[in-house]
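Inspection log for the structure reproduced underneath, given as structure tokens.
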2 protein chains.
Amino acid sequence: MNEILSHSEENYLKEIFHLSEGTNQKVSTNALAERLNAKASSITDMLKKLAEKKLVSYIKYKGCELTDEGEKIAVQIIRKHRLWETFLVNKIEFGWEEVHDVAEQLEHIQSIKLIDGLDKFLGYPKFDPHGDPIPDKEGKISYRKSKIQLSETVINSLVEVVSVNEDSLSLLKYLDEIELNLGTELKILERYTFDESIKVKIVGGQELNLSKKVAENIGVRFISEI
Amino acid sequence: MNEILSHSEENYLKEIFHLSEGTNQKVSTNALAERLNAKASSITDMLKKLAEKKLVSYIKYKGCELTDEGEKIAVQIIRKHRLWETFLVNKIEFGWEEVHDVAEQLEHIQSIKLIDGLDKFLGYPKFDPHGDPIPDKEGKISYRKSKIQLSETVINSLVEVVSVNEDSLSLLKYLDEIELNLGTELKILERYTFDESIKVKIVGGQELNLSKKVAENIGVRFISEI
DNA sequence: CATAATTTTTAGGCTTGCCTAAAAATATTT
DNA sequence: AAATATTTTTAGGCAAGCCTAAAAATTATG
């Protein structure tokens, strides 16, 4: 039940959670291998181990899924990750593109007292610097119900940026450069069918063309039509 | 030169530093084994490896010593440890007896930006919650020149507690109980030759008998005679 | 629907960091 | 200084977590 897990085991649980978030699908061995930068055979090894510990359910050749217990642990790791990111940006003057690697280390620190104390110290933040929700002590995640991908918006709407995918360092740097931050408002001007890129205008700023790939990694909230 | 070390390697360097601090002696395999809770044979293995990396000098059967490079690294780990302890006590409401284990984890986080940012955030503290000096970014340690062990004080002197050994959880808890903290002033009343225990009076508090063992683990600064 | 392509698993190996047991070196006693 | 005790090293092993290469299962395609 409350055995201590290795960093590696914790990372597996976290990535299985991320890969299955939203979908009802099982997570494939290859998908995990890519996220974890490991070979498929290593994944198989670890899945067997995690299945034995009852943290994932795993059927040969059919992929895996977190058990309730496994999910509980995964969510707490994500809580730690996002609280630390918030700490780094709010207290230690890190930029949002710099926090990921350090948070990946900090998320494995074992101390409930520390993480709850950190939560309090930060004022019980609900979202991290990339706009992702921070699970509470009980594991409840308050997803932003109205959030959609920028790539899914309709022409002539005004939206607010509420999240960006933290996984790509170069995306975050790019967004910094064009001064597109959380809270930035965008007018959706046009969508080009040939490559599915979109033209937007930053309210109070420049007009930009954003590729489909970029737009998929930005979360927005609809405000109004223009 | 700037290779990444494992947690284990870092712990070895740190403990070699602690064991040789003050003395000019080399550190014996057995002494290290005890501090690291490992068998002597494991120590030998690792010393060979660290010697190969030029972080310790090691002659078979003769013990080991840090090289300049090894000492530099050790000091930076101690810097991290003590800064994190300060963070936990000053910002997260930890007691001084609770910080050690968590700091042992945090000291291995790899990010110079984080540790320098933390230093700044804490206001460049010179001493940690146990009174031990915090090395600066360059590795300079400002030892308290006037510090002596409580066990070495002379009768009828008034002293101030400036440090306590952080290694013993039960000592720290005991000191908490009797309300002996950093900054507490003590009058040295008597020394019993049969067991080398001493009688002291906490200024504004109770009279106490402290065993030799306890007195050796408390650092004080001489104020005056009474 | 059979064959090809892809995905996943198995089998065997490697490194790290620890262990035990036995051997070798050093230190201590008498 | 010889005998004994202690310390340290060597030799061989083990678990974790990764790897490569080959085999097996699944999925896609002609």
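Naming convention: chains lettered A, B, ... in sequence-line order (proteins, then strands); numbering from 1 in each chain.
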pair Trp96(A)-Asp128(A): side-chain heavy atoms closer than 4.5 Å
no
Just the rounded figure in Å: distance from P of dA16(D) to CD of Glu9(A).
8 Å
Can you list every salt bridge (charged side-chain N to carboxylate O under 4.0 Å, His left out) pair that touches residues 129-144 of chain B, not counting sequence neighbours?
Asp116(B)-Lys137(B)
Could you give the CG-to-C1' distance, from Leu32(B) to dC18(C), as a whole number of Å?
15 Å
Spacing between Leu50(B) atom CG and dT16(C) atom C1', to the nearest angstrom
13 Å
Residue Lys39(B), side-chain heavy atoms: nucleotide from dT20(C), dC19(D), dC18(C) that is nearest:
dT20(C)
Any non-hydrogen side-chain atom of Lys212(B) less than 4.5 Å from a side-chain atom of Asp195(B)?
no
Kindly say if Ser8(A) contacts the phosphate of dC18(D), meaning a side-chain N or O under 4.0 Å from OP1 or OP2.
yes
Hits for salt bridge (Lys or Arg N to Asp or Glu O under 4.0 Å) against Asp167(B), two or more places apart or cross-chain, chain-then-number order -> Arg35(B)
For dT16(C) and Tyr12(B) - does any side-chain N or O of the residue sit under 4.0 Å from the phosphate oxygens OP1/OP2?
no
Spacing of Lys53(B) atom NZ relative to dT15(C) atom C1', expressed in whole Å
12 Å
Take atom CD of Glu52(B) and atom P of dT15(C), then tell me their distance rounded to the nearest Å.
13 Å
Once each nucleotide of nucleotides 2-9 of chain C is scored for protein heavy atoms under 4.0 Å, what B/S/- sequence comes out, 5' to 3'?
-----SBB
Rounded to the nearest 0.5 Å, how far apart are CD1 of Ile134(B) and CZ of Arg82(B)?
8.0 Å
Could you go through the salt bridge (Lys or Arg N to Asp or Glu O under 4.0 Å) check for Glu3(A) and Lys54(A) one step at a time?
CA-CA 12 Å; Glu3(A) 197 197 345; Lys54(A) 301 252 162 56; over 6 Å; no
Atom-pair distance (CG on Asp45(A); C1' on dA15(D)), nearest Å
13 Å
